[in-house]
Amino acid sequence: MRVALYARVSTLNSQHPEMQLGELREYAAHRGWEITGEYVDSGVSGAKESRPKLNLLMVHAHQRRFDAILVWKLDRFGRSLKHLVTAVADLEAMGVTFVSLRDNLDFGPPSGQQLFQIIGAMAQFERELIGERIRAGMRRRKLEGFRLGRAPLIVDREGIVRDRLRKISLTQISKRYGCSRASVIRFTRDALKREAAQASELQPAMAQAPVECVA
């Protein structure tokens, strides 16, 4: 079986990837696996969204350059439980097995698949728990009188509409009043709608008004 090794160290001063790679090479040799590549992220935090060598590893997985990925520990690969489950699910869909040496995890066999389903359920529980905490925090802030969401845009709307009706360009108006071009269009459209609504309300009243005859 062809296998790719992945290692990561967050600091270069006190950690060295060779310790992880040495154990991974020994394990691969013991299993009779062929090492097709070694991917190492040095001085990269596990919490970072983007890791160059990990990104390259996933690209090569899509290209089926190997049959399995071997890591030293789960925390060397996944930045979170959610990321781990998503990545392993992607690998499984591509037919690539994931193995963690120190955690004694191999998601290839049926027993590993069952364990992966348990981990997936834990990740789902974690997402729901985080979502509930966020919603509870928002409810508490609202009860305390804090305004939620984006702050209202405070600009001279009448001046914006007046300048726009004078055919001044959107770019000039947005720079003058410190708002976006989309806001200029929206303010102008709303003002014209209000004027049209007011005009339609006045027409029936004018039609019903009595006409005085002068003798």
Side-chain angles (χ1 to χ4, degrees), residues 8 10-12 39-63 77-91 93-94 120 123-215:
R8 179 187 62 81
S10 55
T11 59
L12 295 176
Y39 302 78
V40 181
D41 280 314
S42 299
V44 179
S45 170
K48 283 192 174 182
E49 293 289 329
S50 178
R51 287 182 255 164
K53 295 302 181 180
L54 178 59
N55 296 341
L56 181 61
L57 175 70
M58 297 303 291
V59 170
H60 289 173
H62 277 277
Q63 297 171 353
F77 182 83
R79 61 177 175 265
S80 67
L81 186 59
K82 176 184 177 182
H83 170 252
L84 175 65
V85 171
T86 302
V88 173
D90 289 342
L91 293 173
M94 294 180 283
Q124 178 64 28
F125 172 73
E126 181 187 47
R127 288 193 294 270
E128 294 176 354
L129 188 62
I130 291 174
E132 180 57 33
R133 288 175 178 172
I134 292 174
R135 290 189 291 271
M138 293 176 64
R139 289 194 297 268
R140 184 178 66 253
R141 297 285 287 181
K142 189 173 182 179
L143 291 174
E144 292 174 352
F146 290 93
R147 182 184 180 87
L148 301 178
R150 182 183 299 177
L153 183 62
I154 302 177
V155 293
D156 183 2
R157 300 195 179 197
E158 293 183 359
I160 290 174
V161 173
R162 182 175 60 250
D163 287 354
R164 184 56 183 157
L165 295 179
R166 288 168 54 196
K167 305 302 182 182
I168 298 177
S169 70
L170 292 172
T171 302
Q172 288 178 308
I173 297 175
S174 63
K175 290 182 178 179
R176 178 181 299 176
Y177 292 94
C179 62
S180 67
R181 291 159 54 96
S183 295
V184 175
I185 295 173
R186 186 175 71 255
F187 296 155
T188 305
R189 183 182 64 242
D190 293 346
L192 293 176
K193 285 183 178 179
R194 286 195 298 271
E195 289 184 3
Q198 292 173 358
S200 62
E201 291 176 357
L202 289 175
Q203 288 178 355
M206 294 176 63
Q208 295 175 6
V211 178
E212 295 183 0
C213 297
V214 180

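Every heavy atom of this structure was used, including side-chain atoms; hydrogens, water molecules and symmetry mates were not.
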Engineer: Hey, is Asp163 close enough to Arg166 for a salt bridge, meaning N to O under 4.0 Å?
Structural biologist: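 Looking at Arg166 together with Asp163, the answer is yes, because their closest N to O distance falls below 4.0 Å.
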Engineer: State, to 0.1 Å, how close Phe77 and Met58 come at their nearest heavy-atom pair, and which atoms those are.
Structural biologist: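 The pair with the smallest heavy-atom distance is CZ-SD, 4.3 Å.
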Engineer: What are the two closest non-hydrogen atoms of Val155 and Tyr177, and how far apart are they?
Structural biologist: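 Heavy atoms of Val155 and Tyr177 come nearest at CG1-O, 3.8 Å.
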Engineer: Quick one: CZ on Arg181 to OG on Ser169, what's the gap to the nearest 0.5 Å?
Structural biologist: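 With rounding to 0.5 Å, CZ (Arg181) is 7.5 Å from OG (Ser169).
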Engineer: Any chance you could measure Arg186, atom CZ, to Arg157, atom CZ, to the nearest 0.5 Å?
Structural biologist: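 Output value for this atom pair is 6.5 Å.
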Engineer: Measuring from atom CG of Leu57 to atom NE2 of His62, what distance do you get when rounded to the nearest 0.5 angstrom?
Structural biologist: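 Here the rounded value is 10.0 Å.
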Engineer: Go through the structure and list residues passing side-chain hydrogen bond (donor to acceptor under 3.5 Å, both in side chains) with Glu195, not counting sequence neighbours.
Structural biologist: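 Partners of Glu195 under the side-chain hydrogen bond (donor to acceptor under 3.5 Å, both in side chains) test: none.
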Engineer: Examine distances only and state if a side-chain atom of Arg164 and a backbone atom of Ile168 form a donor-acceptor pair shorter than 3.5 Å.
Structural biologist: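 Looks like yes, one N/O pair under 3.5 Å.
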Engineer: Answer yes or no: is there a donor N or O on one side and an acceptor on the other, between the side chain of Asp41 and the main chain of Arg8, under 3.5 Å?
Structural biologist: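 Flag not set: sc Asp41 to bb Arg8 has no pair under 3.5 Å.
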Engineer: Does the side-chain contact (heavy atoms from CB on, under 4.5 Å) test come out yes or no for Cys179 and Ile160, once each step is laid out?
Structural biologist: CA-CA 10 Å; Cys179 62; Ile160 290 174; 3.8 Å; yes
Engineer: As an exercise, state the distance from NZ of Lys193 to CD of Gln198, rounded to the nearest 0.5 Å.
Structural biologist: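 Answer rounded to 0.5 Å: 14.5 Å.
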Engineer: Under the side-chain hydrogen bond (donor to acceptor under 3.5 Å, both in side chains) test, which residues partner Glu158, sequence neighbours left out?
Structural biologist: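 Scan of Glu158 (side-chain hydrogen bond (donor to acceptor under 3.5 Å, both in side chains), adjacent residues dropped) gives none.
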Engineer: Do the side chains of Phe187 and Ile173 get nearer than 4.5 Å, heavy atoms only?
Structural biologist: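 They are not in contact (no side-chain heavy atoms under 4.5 Å apart), so the answer is no.
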Engineer: Measuring from atom CG of Asp156 to atom CZ of Arg162, what distance do you get when rounded to the nearest 0.5 angstrom?
Structural biologist: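 Rounded to the nearest 0.5 Å, the CG-CZ separation comes to 6.5 Å.
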Engineer: Looking only at heavy atoms, which two atoms of Ser174 and Ser180 are closest? And how far apart?
Structural biologist: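 Reported closest heavy-atom pair: CB-C, 4.0 Å.
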Engineer: Among Ile185, Asp190, Leu192, whose side-chain contact (heavy atoms from CB on, under 4.5 Å) with Thr188 holds?
Structural biologist: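 Passing option: Leu192.
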